Amino acid sequence: MSKSVVTRYRVDSGLGLSQPVRIAHASDLHERNCDDILEKIRTKNPDLILITGDVFERYDNRPQYDFEHRPVKRLIINIIHYGNFLLNKLMPSEKKANEENARRFLREAVKIAPVYMSLGNHEQMLLESDYAFLEKTGVTLLENADTEVRVRDFRFILGGMSVWGYEEWLPTFLAKGGYKILMCHKPDMYVDLLKDSGVDLTLSGHTHGGQVRIGKKGMGFFVPGQGIFGRYARGSFFGGRLIVSAGCANTVACPRFFNPRELVMIEVR
């Protein structure tokens, strides 16, 4: 497992808060061992923990990809995906997905701070036992849903947008007044649907930082949903309204280069 880092951002809410609110943003655990990320969360003592999907591996694991790219790009992307699918079959068992890693992470996280979670593309076939576990553990799952959250004098609407089935719920969420934070797994969905919506802060993952970072600006070589050298691989965009995590786990056979696993800490002022 590659090393992990903590990346910090400050967000001005414009609400005149008496003291900052600390949010730990984690994404893309993919049932890998992320105990080092958990320990970093514990030492940072956040007020809230927001997890933006792909905690569990609940999907048809046959590689099925339909990219709207030019032929050369499509060929490169499918070589990457199919090659990774085959190489993962050869990985040592301790590096493979194990749902107990995800469950342990969540059980320990709720002991640190309230945990809210949205769903990613790897959770399209979530099991009834998963829903029961989340409820029993005390994790609040927002599956195309929102709730009011209050931390001291910071009062806001928190939404969780899944990568499917959001069409009916999203307009209702966007119409609500007050400060809005949205957990949206795929940053390209923010770019396509939300950048002009008035949502105050959107947290995303999915990209794994582009897996390999290239050049002085650290461009991601392959960014899921965005293709080769996609722009929104990790970092803060649109004046701080979109923050993209590079993810907590390395899920592919090709190791990360110049792209450590990441815990994002956000200070809302």
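Scope of the values below: all heavy atoms of this structure, side chains included, with no hydrogens, waters or symmetry mates. Remember, predicted model here, so these are calculated numbers, not experimental data.
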Asks: For the pair Glu148 and Arg155, find out whether any cationic side-chain nitrogen is under 4.0 Å from an anionic carboxylate oxygen.
Replies: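 Result for this pair is yes, salt bridge flagged.
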Asks: Is a side-chain N or O of Arg32 found less than 3.5 angstrom from the main chain of His30, in a donor-acceptor match?
Replies: yes
Asks: I'd like to know whether Ile181 forms a side chain to side chain contact (heavy atoms under 4.5 Å, CB included) with Asp200, so could you lay out the CA-CA distance, the side-chain angles of the two residues, the decisive distance to 0.1 Å, and finally the verdict.
Replies: CA-CA 6 Å; Ile181 297 178; Asp200 297 281; 5.8 Å; no
Asks: Does Arg10, at its CZ atom, have more than 12 non-hydrogen atoms belonging to other residues, nucleotides or ligands within less than 6.0 Å?
Replies: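 Counting neighbours around CZ of Arg10, 12 or fewer heavy atoms of other residues, nucleotides or ligands fall under 6.0 Å, so no.
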Asks: Hydrophobic clustering (ILVMFWY, side-chain heavy atoms < 4.5 Å, transitive) - are Phe173 and Val191 grouped together?
Replies: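 Yes; Phe173 is reachable from Val191 via cluster members.
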Asks: I'd like to know if Leu203 and Leu182 are part of one continuous hydrophobic network [Ile/Leu/Val/Met/Phe/Trp/Tyr, side-chain heavy atoms within less than 4.5 Å].
Replies: no
Asks: How many angstroms lie between atom NZ of Lys195 and atom CZ of Phe238, to the nearest 0.5 angstrom?
Replies: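 One gets 5.5 Å once the value is rounded to the nearest 0.5 Å.
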Asks: For the aromatic rings, using the six-membered ring if either is Trp, is the centroid distance between Tyr190 and Tyr232 under 6.0 Å?
Replies: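 Distance test on ring centres: not under 6.0 Å, no.
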Asks: What's the separation between atom CD1 in Ile49 and atom NZ in Lys111, rounded to the nearest 0.5 Å?
Replies: 12.5 Å
Asks: Any side-chain to backbone donor/acceptor pair from Ser118 onto Gly160? Under 3.5 Å, distance only.
Replies: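 Checked: no pair found.
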Asks: As a quick check of understanding, evaluate salt bridge (Lys or Arg N to Asp or Glu O under 4.0 Å) for Arg104 and Asp35, giving each step before the final call.
Replies: CA-CA 9 Å; Arg104 181 176 66 254; Asp35 289 349; 3.2 Å; yes
Asks: Donor-acceptor pair, distance only, cut-off 3.5 Å: does the side chain of Ser245 make one with the backbone of Ala26?
Replies: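 Looks like no, no N/O pair under 3.5 Å.
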Asks: Under 4.0 Å between a side-chain nitrogen and a carboxylate oxygen: does that hold for Arg58 and Glu31?
Replies: yes
Asks: Any idea which heavy atoms bring Asp153 and Gly16 closest together, and the distance?
Replies: OD2-O, 4.2 Å
Asks: To the nearest 0.5 Å, how far apart are OG1 in Thr202 and CZ in Phe237?
Replies: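 The distance works out to 13.0 Å.
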Asks: Between His206 and His122, is the ring pair (Phe, Tyr, Trp, His ring centres under 6.0 Å) condition met? List the steps.
Replies: CA-CA 10 Å; His206 184 61; His122 280 241; 7.9 Å; no
Asks: Check whether Ile112 and Leu134 end up in the same hydrophobic cluster, where Ile, Leu, Val, Met, Phe, Trp and Tyr are linked by side-chain heavy atoms less than 4.5 Å apart.
Replies: yes
Asks: CD of Glu167: more than 12 outside heavy atoms within 6.0 angstrom?
Replies: yes
Asks: For the pair Glu57 and Glu99, evaluate side chain to side chain contact (heavy atoms under 4.5 Å, CB included) and give the outcome as yes or no after the intermediate values.
Replies: CA-CA 8 Å; Glu57 293 290 279; Glu99 68 178 63; over 6 Å; no
Asks: Flag the pair Asp36 / Arg261 as yes when at least one side-chain heavy-atom distance between them is below 4.5 Å, and no otherwise.
Replies: yes
Asks: Looking only at non-hydrogen atoms, find the nearest pair between Gly177 and Ile157 and report the distance.
Replies: O-CG1, 3.9 Å
Asks: Are Leu15 and Val268 linked, directly or through intermediate hydrophobic residues, by side-chain heavy-atom contacts shorter than 4.5 Å (ILVMFWY only)?
Replies: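 Cluster IDs for Val268 and Leu15 match.
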Asks: Apply salt bridge (Lys or Arg N to Asp or Glu O under 4.0 Å) to residues Arg107 and Glu100 and explain how you reach the verdict.
Replies: CA-CA 10 Å; Arg107 282 195 299 263; Glu100 181 52 32; 2.4 Å; yes
Asks: Between Ser204 and Cys184, is any pair of side-chain heavy atoms under 4.5 Å apart?
Replies: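 Ser204 vs Cys184: side chains touch.
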Asks: Compute whether any side-chain donor of one residue and acceptor of the other, for His25 and Thr52, lie under 3.5 angstrom apart.
Replies: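 Present: a donor and an acceptor within the cut-off.
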Asks: Counting C-beta onward and ignoring hydrogens, is there a side-chain heavy-atom pair between Val6 and Lys44 closer than 4.5 Å?
Replies: yes
Asks: Calculate, to the nearest 0.5 Å, the distance between atoms OG and CD belonging to Ser162 and Gln124 respectively.
Replies: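 The OG atom of Ser162 sits 11.0 Å away from the CD atom of Gln124.
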Asks: After noting the C-alpha distance and the side-chain angles of Phe154 and Tyr179, does the key distance pass the ring pair (Phe, Tyr, Trp, His ring centres under 6.0 Å) rule?
Replies: CA-CA 9 Å; Phe154 183 34; Tyr179 194 91; 5.5 Å; yes
Asks: Flag the pair Asp146 and Lys180 as a salt bridge only when some basic side-chain nitrogen lies within less than 4.0 angstrom of an acidic carboxylate oxygen.
Replies: no
Asks: What is the distance from atom CG of Asp54 to atom NZ of Lys186, rounded to the nearest 0.5 Å?
Replies: 9.0 Å
Asks: Check Glu262 with Lys3, please: is the shortest side-chain N to carboxylate O separation under 4.0 Å?
Replies: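 Salt bridge absent between Lys3 and Glu262.
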Asks: Quick one: does Leu119's side chain get under 4.5 Å of Trp164's, heavy atoms only?
Replies: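 Side chain of Leu119 against side chain of Trp164, heavy atoms only: contact under 4.5 Å found.
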Asks: Of the non-hydrogen atoms in Gly247 and Asp28, which two are nearest, and what is the gap between them?
Replies: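 Taking every non-hydrogen atom into account, CA-CB, 4.1 Å.
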Asks: Tell me the closest heavy-atom pair linking Gly240 and Leu201, and the distance in Å.
Replies: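 Nearest heavy atoms, Gly240 then Leu201: O-CD1, 3.5 Å.
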Asks: Please determine whether the number of non-hydrogen atoms from other residues, nucleotides or ligands lying under 6.0 Å from atom CD of Glu168 exceeds 12.
Replies: no
Asks: List the steps and the verdict of side chain to side chain contact (heavy atoms under 4.5 Å, CB included) for Val139 and Val110.
Replies: CA-CA 7 Å; Val139 175; Val110 297; 3.7 Å; yes
Asks: With rounding to the nearest 0.5 Å, note down the distance linking CG in Leu242 to CG in Leu194.
Replies: 9.5 Å
Asks: Side chains of His185 and Ser27: does their closest heavy-atom pair fall under 4.5 Å?
Replies: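 Yes, close enough: below the 4.5 Å cut-off.
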Asks: Under a 4.5 Å cut-off applied to non-hydrogen side-chain atoms, are Ile23 and Met265 in contact?
Replies: no
Asks: Can you see whether Tyr131 engages Glu143 through a side-chain donor-acceptor pair at a distance of less than 3.5 angstrom?
Replies: yes
Asks: Salt bridge or not for Asp47 and Arg152, using N-O below 4.0 Å?
Replies: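 Answer for the salt bridge query: yes.
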Asks: Are Val11 and Glu267 close enough that some pair of their side-chain heavy atoms sits under 4.5 Å apart?
Replies: no
Asks: What pair of heavy atoms forms the shortest contact from Tyr9 to Gly235, and how long is it?
Replies: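 It is OH-CA, 3.2 Å.
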Asks: Please tell me if the side chains of Glu123 and Met117 come closer than 4.5 Å, counting only heavy atoms from C-beta onward.
Replies: yes
Asks: If we check side chain to side chain contact (heavy atoms under 4.5 Å, CB included) with Arg103, which of these qualifies: Val55, Asn98, Asp130?
Replies: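 Answer to the side chain to side chain contact (heavy atoms under 4.5 Å, CB included) test with Arg103 among Val55, Asn98, Asp130: Asp130.
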Asks: Which atom names give the shortest non-hydrogen contact between Ala249 and Leu29, and what distance separates them?
Replies: CB-O, 3.2 Å
Asks: Starting from Val244, can I reach Tyr116 by hopping between I/L/V/M/F/W/Y residues whose side chains sit under 4.5 Å apart?
Replies: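 Not linked; separate clusters.
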Asks: Could you tell me whether Glu135 atom CD has more than 12 heavy atoms of other residues or ligands within 6.0 Å of it?
Replies: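 No, not enclosed.
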